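Please read all numbers here as calculations on a predicted model, not as lab measurements.
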Amino acid sequence: QVQLVESGGGLVQAGGSLKLSCAASGRTFGTYAMGWFRQAPGKEREFVAAISQTGRRTYYADSVRGRFTISRDNAKNTVYLQMNSLKPEDTAVYYCAAKRTDFDLLRNYPYWGQGTQVTVSS
């Protein structure tokens with residue numbers, strides 16, 4: 001079972017940037033597809049971005065496409081989320097997630113991190 005630890009959250013002004021990291025335990029990181037999700041206060045958790053096991057395929061929510069970039073370094077057991085042009089509506093707890101298949105990367109992730117807070121001030 002993989003364990004996930006997010007980092008890199010914080011407070012940033014609108015228009016600014018942050019880079020989130022998610023470190024995974026174990027020696028089989030390359031066999032997991034990875035996703036980022038977020039949950040704002042009073043709202044349901046939503047998909048943000050996903051990347052396939054090899055990193056060749058990426059997917060984004062419409063709300064972040066063109067502003068966020070997901071990437072992974074399998075040698076470092078880490079997935080990243082570069083967030084640019086941040087907006088107040090991006091404020092949420094951001095979660096990293098993993099699954100042992102490249103099928104349906106937008107949902108059904110069994111493994112989750114504890115989350116990291118991102119706050120964007122206007």
Side-chain angles (χ1 to χ4, degrees):
Q1 179 173 339
V2 66
Q3 294 184 327
L4 306 171
V5 178
E6 302 96 334
S7 61
L11 173 64
V12 64
Q13 288 188 333
S17 298
L18 279 177
K19 186 174 185 177
L20 305 183
S21 298
C22 173
S25 64
R27 294 177 289 180
T28 59
F29 180 69
T31 65
Y32 290 89
M34 303 298 296
W36 285 97
F37 292 76
R38 67 186 182 187
Q39 187 167 20
K43 295 187 177 182
E44 294 187 352
R45 187 166 57 192
E46 64 176 0
F47 168 79
V48 175
I51 188 166
S52 63
Q53 293 162 332
T54 62
R56 293 194 185 104
R57 291 187 291 134
T58 56
Y59 301 87
Y60 297 94
D62 290 343
S63 59
V64 307
R65 188 175 291 111
R67 300 187 298 121
F68 291 11
T69 302
I70 188 171
S71 61
R72 67 188 296 162
D73 185 337
N74 286 353
K76 295 183 177 180
N77 282 17
T78 302
V79 63
Y80 306 97
L81 186 67
Q82 177 67 48
M83 305 185 295
N84 299 329
S85 303
L86 282 161
K87 305 174 181 180
E89 51 264 44
D90 294 319
T91 295
V93 177
Y94 283 71
Y95 297 91
C96 172
K99 62 190 306 184
R100 273 193 172 273
T101 174
D102 275 348
F103 177 73
D104 193 9
L105 293 184
L106 276 64
R107 59 186 59 84
N108 297 330
Y109 285 78
Y111 306 112
W112 294 84
Q114 82 289 348
T116 185
Q117 176 70 46
V118 172
T119 303
V120 184
S121 63
S122 57

>> Determine whether Ser71 and Gln82 satisfy the following criterion, side-chain contact (heavy atoms from CB on, under 4.5 Å), listing intermediate values before the conclusion.
In response: CA-CA 8 Å; Ser71 61; Gln82 177 67 48; over 6 Å; no
> Does a side-chain N-to-carboxylate-O contact under 4.0 Å join Asp104 and Arg107?
Replying inline: yes
If only atom types and distance count, is the side chain of [X] paired as donor or acceptor with the main-chain N or O of [Y] below 3.5 Å?
X: Arg67; Y: Ser85; result: yes
X: Thr91; Y: Thr119; result: no
X: Ser25; Y: Gln3; result: yes
X: Arg45; Y: Val93; result: no

>> Once side-chain contact (heavy atoms from CB on, under 4.5 Å) is applied, do any residues pair with Gln114, and if so which ones, sequence neighbours excluded?
In response: Val5, Glu6
> Residues in side-chain contact (heavy atoms from CB on, under 4.5 Å) with Ala33, at least two apart?
Replying inline: Gln53, Lys99, Asp102, Leu105
>> Within this structure, what is the CZ-CD distance for the pair Arg38 and Gln117, rounded to the nearest 0.5 Å?
In response: 12.0 Å
> Which distance, rounded to the nearest 0.5 Å, do you find between the CZ of Arg65 and the OH of Tyr59?
Replying inline: 11.5 Å
>> Determine whether Gln39 and Glu46 satisfy the following criterion, side-chain contact (heavy atoms from CB on, under 4.5 Å), listing intermediate values before the conclusion.
In response: CA-CA 6 Å; Gln39 187 167 20; Glu46 64 176 0; over 6 Å; no
>> Does Thr78 form a side chain to side chain donor-acceptor pair (under 3.5 Å) with Arg72? I'd like the steps, not just the answer.
In response: CA-CA 6 Å; Thr78 302; Arg72 67 188 296 162; over 6 Å; no
>> I need the minimum non-hydrogen distance between Ala50 and Tyr109, along with the two atoms involved.
In response: CB-OH, 3.5 Å
> How far apart are the closest heavy atoms of Ser122 and Ala14, and which atoms are they?
Replying inline: CA-CB, 4.4 Å
> Residues sharing Trp36's hydrophobic cluster, by side-chain heavy-atom contacts under 4.5 Å among ILVMFWY, directly or via others?
Replying inline: Val2, Leu4, Val12, Leu18, Leu20, Phe29, Tyr32, Met34, Val48, Ile51, Tyr60, Val64, Phe68, Ile70, Val79, Leu81, Met83, Leu86, Tyr94, Tyr111, Val118, Val120
> Step by step, would you call Phe37 with Phe47 a ring-ring contact (aromatic ring centres under 6.0 Å, His included)?
Replying inline: CA-CA 5 Å; Phe37 292 76; Phe47 168 79; 5.7 Å; yes
